[in-house]
Amino acid sequence: MPELPEVQAHAERLEDDFAGATLAAFRPLAFTALKTFRPDPAELVGEALASVRRRGKHLLLDFPSASFVVHLMQGGRLVPDEKQSLKPRGGVARWSFEDGRALLLTEAGKERRAGVWVLAGEVLAQPPLDDLGPEATDLDPAAMLGLMHAHPMRLHGFLRDQRILAGIGRRLANEVCHAARLSPFASTGKLDADAAAAVVEAIGLCVAESLAYERSRDDMSKSKDRPGAVHGRAGEACPRCGDEFRSVTYTSYRVDYCATCQTGGKVLADNTTSKFLK
Ligand SMILES: [Zn+2]
């Protein structure tokens, strides 16, 4: 799933390319695409795209009277629509502009989870944005420590919970835990000020690295190409200590970590995999 750096760089690209373009039509291509009834997107026809922003993992296309909020979920992409075919593969929604260009929201696979909301007024105070936590990169160590103690849970899950802090997903959670030298299974309720400071620093470093990479590209990267030390590298050597990366596998994601750097040498039980092996 695209996380904070991928969505941020993409918002910047879309704004560079499409800001000022006048909306000629918005058309949902899948019946699940549009998540709101009012305002009617037709009311935005004739307005010029003012800006493209990001909040958490959401893209915001701002027009003077309302904004389109787009959530790409796992396999969604919002890209310039070169062909503008009648039934594009994986098509979810299309924005057509008076200059003849268009933006197409597509979603790979069979799941139809990517969606579009049209919001007027206080956009950030309405669903789906109203229950997001603060931006992950906006927290200082004291605020981070406060959030940790207010939400006692495993660190990896804490980092991924968009209602606690917004923008971090499975990949960055792995990277942040490794960069901070903290166990992904550490209980946030027991972490101290030094750990909170290490997490804040790690988020800054990991996001900056990914953002620099994304900004060097002209389209959103595939997850396997994204930079990082530990995510998806189980079995490879930790660049910091040389130990072999280990992993714990869940149904929809995997926690990758270095036992030497993060868990004091302790190898965490991989219950899911060991069940299969029996
Ligand atoms: Zn290591």
For [X], side chain to side chain contact (heavy atoms under 4.5 Å, CB included) partners two or more places apart:
| X | answer |
| --- | --- |
| P152 | none |
| R254 | A234, S247, T249, D256 |
| V200 | P141, M144 |
| A120 | P39, A66 |

R113, CZ: over 12 other non-hydrogen atoms inside 6.0 angstrom: no

With rounding to the nearest 0.5 Å, note down the distance linking [atom1] in [X] to [atom2] in [Y].
| X | Y | atom1 | atom2 | value |
| --- | --- | --- | --- | --- |
| L14 | L61 | CG | CG | 6.5 Å |
| L129 | L60 | CG | CG | 5.5 Å |
| I203 | L139 | CD1 | CG | 7.0 Å |
| D81 | L103 | CG | CG | 8.0 Å |

Exercise answer: donor-acceptor pairs, residues 236-245 side-chain atoms, under 3.5 Å, sequence neighbours excluded:
{"residue": "E236", "atom": "OE1", "partner": "R233", "partner atom": "NH1", "Å": "3.4"}
{"residue": "R240", "atom": "NH1", "partner": "H178", "partner atom": "O", "Å": "3.3"}
{"residue": "R240", "atom": "NH2", "partner": "H178", "partner atom": "O", "Å": "2.7"}
{"residue": "D243", "atom": "OD2", "partner": "T260", "partner atom": "N", "Å": "3.4"}
{"residue": "D243", "atom": "OD2", "partner": "T260", "partner atom": "OG1", "Å": "2.7"}

Which heavy-atom pair separates A11 from L59 by the least distance, and what is that distance? CB-CD2, 3.7 Å

Can you give me the closest heavy-atom contact between L105 and V116, atom names plus distance? CD2-CG2, 3.7 Å

I'd like to know if K57 and E6 make a salt bridge, using a cut-off of under 4.0 Å between side-chain N and carboxylate O. no

side-chain contact (heavy atoms from CB on, under 4.5 Å) evaluation trace for L104 with L78: CA-CA 6 Å; L104 179 66; L78 181 62; over 6 Å; no

Which residue pairs satisfy the ring pair (Phe, Tyr, Trp, His ring centres under 6.0 Å) criterion with at least one member in residues 34-75, sequence neighbours excluded? F26-F68, H58-H71, F63-F68, F68-W95

Tell me, which pairs form a ring pair (Phe, Tyr, Trp, His ring centres under 6.0 Å) where one or both residues lie in residues 106-160, sequence neighbours left out? H156-Y253

Assess whether salt bridge (Lys or Arg N to Asp or Glu O under 4.0 Å) is satisfied between R215 and E12, documenting all intermediate values. CA-CA 8 Å; R215 282 174 172 155; E12 293 168 7; 2.7 Å; yes

Share the residues that join Y213 in a hydrophobic cluster, the rule being Ile, Leu, Val, Met, Phe, Trp or Tyr side chains under 4.5 Å apart at the heavy-atom level. none

Could you name each residue pair satisfying side-chain hydrogen bond (donor to acceptor under 3.5 Å, both in side chains) that touches [range], not counting sequence neighbours?
| range | value |
| --- | --- |
| residues 29-51 | E47-S65, S51-D62 |
| residues 13-23 | H10-R13 |
| residues 191-212 | R171-S210 |

Taking salt bridge (Lys or Arg N to Asp or Glu O under 4.0 Å) as the cut-off, I'd like each qualifying pair that reaches into residues 131-140, sequence neighbours left out, listed once. R54-E135, R55-E135

